[in-house]
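See below for the structure under consideration.
Each ligand, and each atom within it, is numbered from 1 in the order the structure gives. Not measured: the values here are computed from a predicted model.
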Amino acid sequence: MNILVVGNGGREHALAWKLSQSPRAERVFVAPGNAGTATDAENVPLGPGEPDQLIQFARQNHVKLAVVGPEAPLAEGLVDRFVEAGIRGFGPSKAAAELEGSKVFCKQTLRQADVPTADYRTFTNAKDALAYLNDREDVPVVVKADGLAAGKGVIVCANRAEAVAAVEKIGLERAFGPAGDRIIIEERLDGQEASVLALTDGQTIVTLQPAQDHKPAYDGDTGPNTGGMGAYCPAPLVDDAMLSWIEEHVLVPTVHAMKRARRPFRGVLYAGLMMTNQGPKVLEYNVRFGDPECQPLLMRLNTDLLDLLEAVATGKLAETGPLQWDPRPAVCVVMASEGYPGSYAKGHPIRGLDEAAKLPNVKVFHAGTVLDAQGRVVTAGGRVLNVTALGESIALAKRNAYEGVKCIRWDGAWCRKDIADKAIG
Ligand code: AMP
Ligand code: GLY
């Protein structure tokens, strides 16, 4: 069976790599892909914003399953387009993707479903939001733009002055354009964060092993927020009992609420959780695999991913047995370009990939890479490589991942040195 993965990050490389291992997979295409997917699959020079061309390509190449990786094309309805064209699509419909595409919709759904989340207020203009901030006690809050803002629309504030600046940025300066038409001001929660992802066909829910991301750029969780500088799985912070609790009190009521709202959710539901003293609370939902959480998750997954994603797309998830996992933990270290998450240069040749590929238990997923005219692998993004490794313990998986990192060099390459330390203690 031929498969098309849409996207070009580390998540899509990991998806294509894992899907290729299925005995039922014939050709795995990635549109547009990166230098890593060019090796582990076949790249197609089409972007997620070209639905007509993607459908035409899928038809001509007998694609039976299209897997959409990133949130933007999901929010635009790319899966609906594939399905209308008679091609199975893995991922939520446009209506269901609103769970990530609109934070206001997400909060309303959480409230209706009685899922624990931070208290919040919604505003449709900056003036009312500013008046609200001035009228209440000066407490830490989080200010959020409603719509998709490439992960930058959430501003965590220590005090009123910062919150006022955040509202002005979103509502008056319109830093995120129409994504800031509505503004959420919510209670700031304290605790460690965890990512709990589940596959669902709208009926059955299969929860994946818990993972933890590292959003701040620098060691010790300092510096600006990023798309994620590393991840590991499982996250001991969420033990089996806690995972069952989250399934029962977070995932199940959300999936039911989406069904009641006539927006049945099919795909991966990713709960970003804050583990507070009062228990887990949902910070946000994503409607796709996390990047980089997907990389260590798929390193550990022994079940055939093609079978699973197809079961989700066809509503047959109840027929799949329990998931099989490699008992060894996995750690993923993101190697980034100098300057990231600010501006950075592209086009630096990357050396040492062959050496890293020889290490046992290490897989280097590509995120921001391309092949240049001479066929060399060069940097093409802020997050460049995701060096992912298995090990007998989290500490050993960490050591293996950093062994991989040590092999690889380019001008300005850097990474956090403390990925997974929270789990090592
Ligand atoms: P989101 O895009 O909603 O996941 O927010 C990005 C990041 O902002 C989260 O991973 C948290 O680190 C932080 N965040 C969001 N909401 C809150 C909150 N209510 N309290 C504390 N931190 C938050
Ligand atoms: N790793 C965070 C995200 O994928 O949104």
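Atoms of ligand 2 lying under 4.0 Å from any heavy atom of Pro292, numbered from 1 in the order shown and given with element: 1 (N). In summary, the atoms of ligand 2 found under 4.0 Å from a heavy atom of Gly227, numbered by their order in the structure, are 1 (N), 2 (C). For ligand 2, the atoms sitting less than 4.0 Å from at least one non-hydrogen atom of Asn286 are 5 (O), numbered in the order shown with element in parentheses. Close approach of ligand 2 to Arg288 (heavy-atom distance below 4.0 Å) involves ligand atoms 3 (C), 4 (O), 5 (O). The distance from ligand 2 to the heavy atoms of Asp213 drops below 4.0 Å at these ligand atoms: 1 (N), 2 (C).
Ring pair Tyr340/Trp414 is tilted by interplanar angle, where 30° to 60° counts as tilted. Using the six-membered ring where Trp is involved, Phe365 and Trp17 have ring planes that are perpendicular, over 60° apart on the 30 and 60° scheme.
Residue contacts with ligand 2, taken as heavy atom pairs separated by less than 4.0 Å, involve Tyr270 solely via side-chain atoms from C-beta onward. For Leu189, heavy-atom contacts with ligand 1 shorter than 4.0 Å involve the backbone as well as the side chain.
Checked against a 3.5 angstrom limit, the closest N/O atoms of Glu193 and ligand 1 fall inside it. The shortest N or O to N or O distance between Glu284 and ligand 2 is not below 3.5 Å. Checked by distance only, ligand 1 and Lys215 come closer than 3.5 Å through their nitrogen or oxygen atoms.
Using a 4.0 Å cut-off between charged side-chain N and carboxylate O, Asp119 and Lys107 make no salt bridge. Under a 4.0 Å N-O distance rule, the pair Lys316/Asp307 does not qualify as a salt bridge.
Within the structure, ligand 2 lacks Ala231 among the residues with a heavy atom less than 4.0 angstrom away. Contact annotation: Glu187 has at least one heavy atom less than 4.0 Å from an atom of ligand 1. At least one heavy atom of Gly290 sits closer than 4.0 Å to an atom of ligand 2.
Remark: Arg263 qualifies as a cation-pi partner of Phe105 under the 6.0 Å distance and 45° angle criteria applied to the six-membered ring.
Closest heavy-atom approach to atom 14 (N) of ligand 1 among the candidates Val141, Val156, Asn286: Val156. Comparing heavy-atom distances from atom 15 (C) of ligand 1 across Lys103, Lys152, Arg188, Lys144 singles out Lys144 as nearest. The heavy atom nearest to atom 7 (C) of ligand 1, out of those in Asp119, Val154, Thr117, is found in Val154. Compare Met274, Glu100, Glu284, Lys281 by their heavy atoms: the one nearest to atom 22 (N) of ligand 1 is in Met274.
With ring centers used as reference points, Tyr132 lies under 6.0 Å from Phe123.
When only non-hydrogen protein atoms are considered, atom 17 (C) of ligand 1 lies nearest to Leu283 CD2, 3.4 Å.
Partner of Glu186 under the side chain to side chain donor-acceptor pair (under 3.5 Å) criterion, chosen from Lys103, Arg121, Lys144: Lys144.
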One pair to check against salt bridge (charged side-chain N to carboxylate O under 4.0 Å, His left out): Lys215 and Asp221. What are the steps and the verdict? CA-CA 8 Å; Lys215 288 214 169 87; Asp221 284 339; over 6 Å; no

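Here the side chain of Glu168 pairs no donor or acceptor atom with the backbone of Glu173 at under 3.5 angstrom.
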